Amino acid sequence: MVWCEIMDRREFLKTSTLTLVAAGFAPFLVGNTGATANDLDRATFTPLLDSWFDVEASGAGSLALVAISDGPTSRQLEQFTLRFRGSASQPLADGIYALRSERGDTYSLFLQNAGFEGADAVYTVAFSLVRPLSVASCGRA
């Protein structure tokens, strides 16, 4: 069950103003992704499957996006994991890296080292995104 709270005009204006101000600062807090934070969903990465990304760190090389797997299904969350492969001779530690796609977009992602497969190092990036509620999904209890 979803609960929607009714607010008066003054409360709405105050809340929406604070939200807009916070949204204006969000790119500075989470890093420049080359896109808005709302663009980092499964649909953003699907066309990039089987493409290469340059890691914008000295001598880090390139990574290939080799798989996108869905997480548990939920009405409230979009969950998926990106799987990258790169050179095992230059493994990366867990951390946030700027990845530049072949299209030129840059994404700041937290890469987690998932070990090795043959001559490749494997990295994962997990997403658990809150889906916005539609007005139609709000009800009263």
Side-chain angles (χ1 to χ4, degrees), residues 1-8 10-141:
M1 174 186 339
V2 177
W3 176 259
C4 291
E5 188 175 319
I6 298 174
M7 63 175 75
D8 64 14
R10 177 179 290 169
E11 188 176 346
F12 171 77
L13 291 173
K14 182 171 63 171
T15 303
S16 58
T17 301
L18 290 174
T19 302
L20 290 174
V21 169
F25 288 111
F28 301 106
L29 298 175
V30 298
N32 182 10
T33 62
T36 66
N38 292 333
D39 292 337
L40 292 179
D41 57 11
R42 191 182 199 290
T44 300
F45 295 101
T46 301
L48 300 172
L49 189 59
D50 297 322
S51 66
W52 287 88
F53 292 77
D54 291 324
V55 181
E56 295 184 350
S58 61
S62 297
L63 300 175
L65 177 59
V66 295
I68 302 173
S69 55
D70 291 321
T73 58
S74 168
R75 281 186 43 210
Q76 293 86 15
L77 298 174
E78 178 181 9
Q79 299 179 63
F80 62 97
T81 301
L82 305 178
R83 187 174 181 86
F84 291 92
R85 283 184 167 206
S87 172
S89 65
Q90 300 172 331
L92 301 172
D94 292 357
I96 297 174
Y97 293 90
L99 304 181
R100 182 176 301 278
S101 73
E102 293 172 346
R103 298 188 304 191
D105 296 324
T106 301
Y107 304 97
S108 294
L109 302 174
F110 183 83
L111 295 175
Q112 190 169 20
N113 191 318
F116 298 95
E117 287 182 4
D120 296 328
V122 179
Y123 306 94
T124 58
V125 179
F127 287 86
S128 187
L129 308 173
V130 177
R131 292 182 177 160
L133 292 175
S134 67
V135 175
S137 68
C138 293
R140 293 187 177 212

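Numbers for residues simply follow the sequence, beginning at 1. Quick caveat: nothing in here was measured; it's all calculated off a predicted structure.
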With rounding to the nearest 0.5 Å, note down the distance linking [atom1] in [X] to [atom2] in [Y].
| X | Y | atom1 | atom2 | result |
| --- | --- | --- | --- | --- |
| Asp105 | Phe45 | CG | CZ | 9.5 Å |
| Leu82 | Leu65 | CG | CG | 5.5 Å |
| Ser101 | Arg103 | OG | CZ | 5.5 Å |
| Ile68 | Leu49 | CD1 | CG | 5.0 Å |
| Thr81 | Arg42 | OG1 | CZ | 10.0 Å |

Task: Leu77 and Val130: CA distance, side-chain angles, deciding distance, side-chain contact (heavy atoms from CB on, under 4.5 Å) verdict - done: CA-CA 5 Å; Leu77 298 174; Val130 177; 3.9 Å; yes

Task: Gln79 to Ser74 - nearest heavy-atom pair and separation - done: NE2-CB, 4.4 Å

Task: Heavy-atom pair of closest approach, residues Ala88 and Pro91 - done: O-CD, 3.2 Å

Which residues satisfy the side-chain hydrogen bond (donor to acceptor under 3.5 Å, both in side chains) test with [X], sequence neighbours excluded?
| X | answer |
| --- | --- |
| Ser69 | none |
| Arg83 | Glu117 |
| Ser89 | Ser87 |

TODO: Using a 4.5 Å cut-off on heavy atoms from C-beta on, say whether the side chain of Glu78 contacts that of Phe127.
DONE: no

Open item on the list: Can you confirm whether Val55 sits close enough to Leu99 that some side-chain heavy atom of one is under 4.5 Å from a side-chain heavy atom of the other?
Closed with: yes

- [ ] Could you list all the salt bridge (Lys or Arg N to Asp or Glu O under 4.0 Å) pairs where at least one residue sits in residues 50-67, not counting sequence neighbours?
- [x] Glu56-Arg100

Task: Selection residues 120-130 - residue pairs positive for side-chain hydrogen bond (donor to acceptor under 3.5 Å, both in side chains), sequence neighbours left out - done: Arg85-Asp120

TODO: Apply ring-ring contact (aromatic ring centres under 6.0 Å, His included) to Tyr97 and list each qualifying residue two or more places apart in sequence or on a separate chain.
DONE: none

TODO: Please answer whether the main-chain N or O of Ala93 pairs with a side-chain N or O of Asn113 as donor and acceptor at a distance below 3.5 Å.
DONE: no

Task: Identified ring-ring contact (aromatic ring centres under 6.0 Å, His included) counterpart of Phe84 within the set Phe110, Tyr107, Phe53 - done: Phe53

